[in-house]
Structure formats: C-alpha cells, structure tokens
Number of protein chains: 2
Amino acid sequence: MVTGYNSNDKVFLAVDCIIFGFDGENLEVLLIQRDFEPEKGKWSLMGGFLKNNETLDDAAARILHNLTGVHDIYMEQLYSFSEVDRDPVARTISTSYYAIINIEKHNEELIENYNAKWFPLSEVPELIFDHNIMLNKAIRRLRRRTSISPIGFELLPEKFTMRQLQNLYEAILDKELDKRNFINKINSMDVLIKLKEKDMTSSTKGSFLFKFDKDKYDEKQTNSFYLKL
Amino acid sequence: MVTGYNSNDKVFLAVDCIIFGFDGENLEVLLIQRDFEPEKGKWSLMGGFLKNNETLDDAAARILHNLTGVHDIYMEQLYSFSEVDRDPVARTISTSYYAIINIEKHNEELIENYNAKWFPLSEVPELIFDHNIMLNKAIRRLRRRTSISPIGFELLPEKFTMRQLQNLYEAILDKELDKRNFINKINSMDVLIKLKEKDMTSSTKGSFLFKFDKDKYDEKQTNSFYLKL
DNA sequence: CCAAAAGTGTTTCCCTTACACCCATGA
DNA sequence: TCATGGGTGTAAGGGAAACACTTTTGG
C-alpha cells in the first residue's frame with residue numbers, strides 16, 4: 001500500500017529570487033515591474049514556478065535568468081513561505097533564494113532589461129504578496145552571514161580600494177566602522193592581494209587597489225572563518 | 001492575463017520532522033518505522049503531506065502529533081529538499097523542520113507509541129530517501145544554534161544538575177568542556193536558579209539542583225545572547 | 001578510610017576597541 | 001598653500017581558556 005499521495009494535495013511551488021547588489025555606495029536590491037496579472041504594474045521579486053524536471057536551485061537560476069538576463073549566480077536558499085492566502089490566485093508555496101552580485105559585472109545583461117531595476121534598500125516600494133517579508137528576512141540573513149564569513153568577492157569590481165570594501169561592509173551592516181580597525185581585521189583574514197596600482201579618482205593622493213586572493217577567499221568562505229564587526 | 005499557473009506544474013509538498021531529544025547522556029533523534037510502502041519496514045523521519053488549508057508550520061505540528069502523539073512543540077523550519085528523484089513514487093519536494101524536546105516530558109505521549117523510537121545519533125540507521133542528509137543538516141544547524149543562544153530548557157527535566165547541563169552541551173557539540181569554565185559561562189548568562197535541593201543519585205556528596213528562570217531564559221533566547229563554547 | 005563526584009578562583013593571553021596625526025597631490 | 005581623502009600603530013580592557021586541589025559521605 002502506498003499512502004498519502006493524493007492528487008488533491010498537490011500545490012504550486014514558486015521560487016522567488018532576492019538579488020542584492022552594491023553600487024559602491026548603497027546596498028541595492030533588484031526588482032521587476034510585473035507586466036501581467038495579478039498585481040500588474042506593481043513591483044516584485046523575480047519569481048516563477050518550479051517545473052517537474054528541475055530542483056529548486058535549478059528553478060531559481062532559470063527564473064533569474066529569464067527575467068533579468070543575469071546568469072551564473074550562486075544563490076542560497078533562504079526560506080519557504082506558506083501562508084494559505086499568500087497568493088490570491090491559487091494555493092502557492094514559495095521558496096525564496098538570495099544572492100549578492102556585482103552590479104557592474106552584470107549591468108550589460110541587465111541593459112536590454114526586461115523591466116528589472118535596482119532599488120536602494122531604503123527606497124524599496126511596497127511589493128506584491130509577502131515579498132517585503134521575504135526581503136527583510138534576506139537582509140537579516142545577509143547581515144548575519146557577513147559577520148561570519150568574508151564577503152565582497154561577488155559584490156565589488158575585480159580591483160577595488162580599501163575604502164570601497166569598507167563602504168560595502170558599512171552598507172550591509174548599516175553602521176559605521178573604524179578605518180584602522182577595519183583594515184587590521186581584513187588583513188588578519190589574509191584574503192586580499194595589494195596591487196601596485198592606485199585608483200586616482202577618489203583623491204589627489206590616490207589609493208592603492210586590492211584584489212581578492214580567490215583561493216584563500218574560497219577556503220575561508222567554506223570554513224566559515226569568523227569575522228565580527 | 002494571469003501567467004504561469006499551469007496545473008501540470010503542481011507538486012506534492014511533504015514535511016519531514018527531525019526531533020532531537022536528550023536522555024541525560026546522549027543526544028538522540030526520534031524515528032519511525034514505516035508500516036506502508038514505499039520502503040516499508042525501513043526507518044524514517046516523521047513525514048506527511050502539506051494540506052491545502054494549512055501552512056508548513058501547521059503541517060509539521062500535525063504530522064508530528066499524528067505519528068508520535070507529541071504535541072505543543074515549537075519546530076523551526078530547516079530547509080526544502082527538491083532533488084527530482086528524491087521520492088521514487090512521485091515528484092515530491094520536502095520541507096524539513098526540527099525541534100529539540102525533553103524526552104521524559106514526552107515519554108508518556110510516546111508510550112502507546114505508534115512505531116516511534118529514539119536513536120542515539122551514533123546509531124542512526126540508514127533512512128529512506130534523503131532523510132540522512134536532512135538529519136545531518138539539522139545536526140549542523142543545532143550545533144550552530146547552540147553556540148549562539150542558550151539551550152536546554154526544552155531538553156532537560158525541570159530540575160537538573162549542573163553536570164547534566166554540561167553533559168547536554170557536550171553531547172550537542174560533541175566535545176568535552178572544562179567544568180569550571182562551563183559553570184562560569186553559564187552563570188554569566190544569568191538564566192539559572194539554584195535550588196536548595198540536592199540530587200543524591202549521582203554521588204555520595206550529592207549535587208545541587210537548578211532550574212531555568214523561564215523569563216530570563218526566553219529573553220536571552222530571543223535576543224540571541226551570545227554563548228561560545 | 002577510600003573511592004567518586006562536587007565544588008570552587010586565578011592567571012594568562014588574545015582579541016576587540018578606542019583613538020590622532022602625518023602624507024601626498026591637484027587645484 | 002590648502003583642502004581632501006589616504007595611510008598608519010598602540011594602549012587598555014574584557015572575555016576565553018588553561019589549570020589543581022579540597023570537600024563530602026556512603027560503602
């Protein structure tokens with residue numbers, strides 16, 4: 001006997017993607033304006049339905065790519081939302097994913113752009129369904145993650161200044177950090193390579209550029225090297 | 001126009017519950033022996049299908065209660081598993097939940113017991129589907145949580161000795177802790193009340209019993225008071 | 001009187017934090 | 001020459017970890 005598999009219990013399973021980006025100044029999130037019902041015209045996360053032949057991870061990647069042109073992003077599963085009436089059209093459970101990406105690097109993909117637009121976190125509009133709740137949960141998770149393992153590789157241009165990295169951390173954590181302590185902390189992580197080049201755009205003196213040491217960075221990532229700020 | 005809602009995409013959404021308990025010595029997990037196909041006779045987590053009129057949280061509580069008699073447990077959502085072939089009968093996504101409970105307190109419920117049985121973590125058999133993977137993920141999460149906020153209220157009898165509490169932490173973290181440092185740490189959390197009674201079963205001298213100060217405990221819980229061991 | 005577990009403080013070390021001044025250069 | 005951001009080190013304080021001996025009492 002096989003129990004429990006009753007077709008009446010089948011549901012729609014959606015996937016919604018929360019994509020964070022960093023423009024050098026603010027932490028932003030990618031949203032799209034819906035051009036279909038329900039809630040046509042309102043802003044929302046990138047969402048779609050799980051297909052029968054793909055995993056949730058696959059679906060998240062496909063949906064993000066279809067709606068924004070962005071591809072090759074590692075997204076992490078966040079949470080599954082299941083309020084009975086969260087979607088007014090049909091019973092739909094949604095599993096949310098989030099990722100942080102380098103805005104510049106993906107700008108080209110976004111240019112011919114599908115209705116997608118970056119919003120600073122402080123200017124996010126009211127979103128459809130429970131998407132604001134999803135976004136808030138993603139922000140909290142991102143902050144926690146930032147305190148636990150290094151971040152930035154995905155968010156900064158290949159070469160960046162120490163100030164840019166600090167701006168990133170300050171934007172994510174939403175607090176100011178001491179310049180010297182920050183540098184000491186970052187150096188102690190041993191994931192940066194100091195270049196001989198300087199960026200001359202930000203000051204008369206110019207500031208040295210850095211890049212991530214990808215091998216070391218990945219190692220620290222997976223080992224959840226502890227960074228508290 | 002309403003796009004995307006195509007009935008072919010509907011899937012079964014299961015919920016699986018990982019219940020940890022502590023017997024004073026070892027960390028254990030509650031499993032049931034399936035009395036139905038597929039995989040009849042094999043051990044598994046407590047699982048069932050999401051119904052149309054309930055949230056995932058509701059479903060987890062209902063399933064746990066139906067299969068084990070245990071009720072009034074706060075479970076936390078862990079992760080949604082979606083490998084295409086994870087369930088050989090039909091495409092099924094499973095959202096897992098986990099909780100830690102006091103074995104003694106729920107023993108009565110378990111006595112007339114449905115096929116449920118406690119297994120020490122080191123003696124967990126091969127489980128159906130991807131349930132071993134779920135369990136491992138839950139253990140990792142439990143360990144991390146234990147390092148971040150106090151734990152024990154749900155797992156120990158109302159009155160307990162300091163040694164029992166230390167045993168609990170050692171079982172969860174799977175490492176030995178220094179007795180004096182442990183006591184200092186716990187005292188600094190200020191969540192215990194020392195009783196005048198002694199437990200005389202464990203030694204000739206006897207050891208003082210403690211209980212949790214529920215108000216303070218809950219406060220620390222929600223504030224994610226930091227405890228590193 | 002002895003075995004077995006309970007109980008108890010101090011020191012060291014490292015990480016975190018706070019903090020201020022000089023440097024280089026283009027305008 | 002001056003305004004602007006870049007770059008640099010140290011001292012104090014607090015939490016974590018290491019560590020050993022005395023107490024109690026039933027058998």
Side-chain angles (χ1 to χ4, degrees), chain A residues 24-25 143 146-150 156-157 159-171 173 175-211 220 223-229, chain B residues 24-25 143-144 146-150 156-157 159-171 173-211 220 223-229:
Chain A
E25 180 90 17
R143 294 213 169 114
T146 304
S147 303
I148 288 173
S149 66
L156 292 171
K159 300 172 182 176
F160 52 88
T161 65
M162 195 58 87
R163 166 60 56 182
Q164 283 177 292
L165 186 60
Q166 186 175 340
N167 284 346
L168 167 63
Y169 271 86
E170 291 182 339
L173 299 174
K175 68 173 177 185
E176 295 199 351
L177 303 172
D178 180 88
K179 183 167 55 165
R180 282 163 296 182
N181 290 341
F182 181 76
I183 291 171
N184 288 339
K185 177 67 68 169
I186 294 294
N187 283 338
S188 77
M189 295 173 60
D190 188 31
V191 291
L192 293 190
I193 298 171
K194 186 173 188 169
L195 304 175
K196 299 226 187 306
E197 302 168 64
K198 279 192 165 189
D199 169 84
M200 300 306 295
T201 62
S202 62
S203 74
T204 59
K205 187 180 181 181
S207 56
F208 281 104
L209 289 165
F210 293 81
K211 65 178 187 181
K220 303 290 160 95
N223 291 343
S224 271
F225 182 82
Y226 202 89
L227 176 75
K228 189 154 166 262
L229 288 167
Chain B
E25 181 91 15
R143 293 211 169 116
R144 205 171 329 132
T146 304
S147 302
I148 288 174
S149 66
L156 291 171
K159 300 171 183 180
F160 53 89
T161 65
M162 194 58 88
R163 167 61 55 184
Q164 283 177 292
L165 185 61
Q166 185 175 343
N167 283 346
L168 168 62
Y169 271 87
E170 291 182 338
L173 299 174
D174 194 27
K175 68 173 176 185
E176 295 200 350
L177 302 172
D178 180 87
K179 183 168 55 164
R180 283 163 296 181
N181 290 340
F182 181 77
I183 291 171
N184 289 338
K185 176 67 69 169
I186 294 293
N187 284 339
S188 76
M189 295 174 60
D190 187 31
V191 292
L192 293 190
I193 297 170
K194 187 172 187 170
L195 304 174
K196 300 228 186 304
E197 304 168 63
K198 280 191 164 190
D199 170 86
M200 300 306 296
T201 62
S202 62
S203 75
T204 59
K205 187 180 180 181
S207 55
F208 281 103
L209 289 165
F210 293 81
K211 66 177 185 181
K220 305 288 159 99
N223 292 343
S224 270
F225 183 83
Y226 201 91
L227 176 75
K228 189 155 168 262
L229 287 166

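Order of the sequence lines fixes the chain letters, A, B, ..., with proteins taken first and strands second; residue numbering starts at 1 for each chain.
A:F208 places its CZ atom 11 Å from the P atom of C:dA24, with the value rounded to the nearest Å. Protein atom CD of B:E176 is 15 Å distant from nucleotide atom C1' of D:dA18, rounded to whole Å. Atom CZ of A:R180 and atom P of D:dT8 are 12 Å apart (whole Å). In this structure, the CZ atom of B:F182 is 18 Å from the C1' atom of D:dC19, given to the nearest Å. The NZ-P distance, from A:K179 to C:dA18, rounds to 16 Å in whole Å. Distance, A:I186 CD1 to D:dT8 P: 15 Å, rounded to whole Å. If you take CG of B:D199 and C1' of C:dA6, they are 11 Å apart, rounded to a whole angstrom. Here the C1' atom of nucleotide D:dA18 and the CG atom of B:L177 are 14 Å apart, to the nearest Å.
One distance of note links CG of A:N184 with CE of A:M189; it measures 13.0 Å at 0.5 Å rounding. One distance of note links CD1 of A:I183 with CG of A:L177; it measures 11.5 Å at 0.5 Å rounding.
With contacts defined as side-chain heavy-atom distances shorter than 4.5 Å, the pair A:M162/A:L192 qualifies. Proximity of A:Q166 to A:I186: side-chain heavy atoms (C-beta onward) are nowhere separated by under 4.5 Å.
Taking the ring centre of A:F210 as origin, the terminal cationic atom of A:K194 falls outside the region bounded by 6.0 Å and 45° from the ring axis.
For B:N181 and D:dA18, a side-chain-to-base donor-acceptor distance below 3.5 Å is present, hydrogens and geometry of angles not being considered.
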| request: Applying side chain to side chain contact (heavy atoms under 4.5 Å, CB included), run through B:R163 and B:N167 and close with a yes or a no. | output: CA-CA 6 Å; B:R163 167 61 55 184; B:N167 283 346; 3.6 Å; yes
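Checking C:dG7, D:dT10, D:dG7 against every side-chain atom of A:N184, the shortest atom distance belongs to D:dT10.
Applying the salt bridge (Lys or Arg N to Asp or Glu O under 4.0 Å) test to B:E25 and every residue at least two apart in sequence or in another chain returns nothing.
Applying the 4.0 Å criterion to OP1 and OP2 of D:dG6, one finds that A:R163 has a side-chain N or O inside that range.
Across the interface with DNA chain D, nearest-nucleotide mapping of A:K194 and A:S202 shows A:S202 to be the residue nearer the 5′ end. The residue among B:D178 and B:T161 whose nearest nucleotide of DNA chain C is located toward the 5' end is B:T161.
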Return the polar atom pairs (N/O with N/O) between nucleotides 25-27 of chain C and the protein under 3.5 Å, or none.
| unit_1 | atom_1 | unit_2 | atom_2 | d |
| --- | --- | --- | --- | --- |
| C:dT25 | O2 | A:T204 | OG1 | 2.7 |

